[in-house]
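Read through the structure below, which is laid out as structure tokens, and then see the notes.
Only this structure's heavy atoms are used, side chains among them; waters, hydrogens and symmetry mates stay out. Convention: sequence-line order gives letters A, B, ...; per-chain numbering from 1.
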Amino acid sequence: SSLPQDAGGAPPPALAVRSSPGSRQIQLWHFILELLQKEEFRHVIAWQQGEYGEFVIKDPDEVARLWGRRKCKPQMNYDKLSRALRYYYNKRILHKTKGKRFTYKFDFSHLLLLLWDPRTEPGALGPCPEPPPQRPGMVAAGAGRRLPEP
DNA sequence: ACCGGAACGT
DNA sequence: ACGTTCCGGT
């Protein structure tokens, strides 16, 4: 009962990433997981043993190059890529492992909640999002509803 | 290296 | 919205 090459910080198979769902543009966290899934990029980016969800970018220039190729942004570099990663801090998708160089950690619990929330995946329930029926003189109740923030 | 504001593009 | 580009600060 052994999982052959299951590296330490890897997510459960439930989070196996399908490449670009629908026709929407590739997202960075998605792309990162994509690389992490493949052994061929183990020398570029890999899960960190020990901490669950933690990964280390072994070759920042190469990761940036690959990301730039995917997005057709040849001028991409690690400085810019890392800025995009930093935007994930507020969204609680990622955070930095302080002290450890090029090391970040996924927050899978938040990622799962985000994916579960229908508002995150707009096309998930059908190709045509129904416009809310607007009757004259009728105020749309709960128009400005937000997530119940914890 | 790492951070986060600001302006900008899609 | 989700980055990209640029950059002053730690």
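Among residues two or more places apart in sequence or in another chain, the side-chain hydrogen bond (donor to acceptor under 3.5 Å, both in side chains) test is passed with A:Gln27 by none. Not counting sequence neighbours, the partners of A:Phe102 by the ring pair (Phe, Tyr, Trp, His ring centres under 6.0 Å) test are A:Tyr78.
With a 4.5 Å cut-off on side-chain heavy atoms, A:Tyr52 and A:Phe106 do not count as touching. A:Leu36 has its side chain out of reach of A:Phe41: every pair of non-hydrogen atoms, C-beta onward, lies at least 4.5 Å apart.
Within the 4.0 Å cut-off from OP1 or OP2 of C:dG3, at least one side-chain nitrogen or oxygen of A:Tyr88 is found. A close approach under 4.0 Å does occur between a side-chain nitrogen or oxygen of A:Trp67 and OP1 or OP2 of C:dT4. Close to B:dG4, at under 4.0 Å from its OP1 or OP2, lies no side-chain N or O of A:Arg86. The phosphate of C:dA1 has neither OP1 nor OP2 within less than 4.0 Å of any side-chain N or O from A:Lys91.
Residue A:Lys96 has its side chain nearest to B:dC2 when only B:dC2, B:dG4, C:dC2 are considered. Checking C:dG3, B:dC3, B:dG5 against the side-chain heavy atoms of A:Tyr89 singles out B:dC3 as nearest. Closest to the A:Arg83 side chain, of the nucleotides B:dC2, B:dA6, C:dG3, is B:dA6.
The aromatic rings of A:Phe31 and A:Trp67 sit tilted, their planes meeting at an angle between 30° and 60°. Under the 30°/60° scheme for interplanar angles, the aromatic rings of A:Tyr104 and A:Tyr89 are found to be tilted.
What separates NE2 of A:His95 from P of B:dG4 is a distance of 14 Å, to the nearest Å. Nucleotide C:dT4 holds its C1' atom 17 Å from the CZ atom of A:Arg70, rounded to whole Å. In this structure, A:Leu114 places its CG atom 13 Å from C1' of C:dC2, rounding to the nearest Å. In this entry the distance linking CG of A:Leu81 with P of C:dC2 reads 16 Å, nearest Å. One interatomic measurement links the two molecules: CG of A:Leu94 to C1' of C:dC2, which rounds to 14 Å at whole-angstrom precision. Atom P of nucleotide B:dC2 and atom NZ of A:Lys100 are separated by 13 Å, given to the nearest angstrom. Spacing between atom CG of A:Leu85 and atom P of B:dC3 amounts to 10 Å, rounded to whole angstrom units. When rounded to the nearest whole Å, the span between CD1 of A:Ile26 and C1' of C:dT4 equals 16 Å.
Ion pairing of A:Glu39 with A:Arg42 is absent here, as no side-chain N (NZ or NE/NH1/NH2) approaches a carboxylate O to less than 4.0 Å.
Nucleic acid contact class of A:Leu28 (heavy atoms, under 4.0 Å, all strands): sugar-phosphate only.
Taken residue by residue, residues 71-80 of chain A places heavy atoms nearer than 4.0 Å to DNA chain B at A:Tyr78.
Each of A:Tyr87 and A:Pro60 has a nearest nucleotide on DNA chain B; the 5'-most of these lies closest to A:Pro60.
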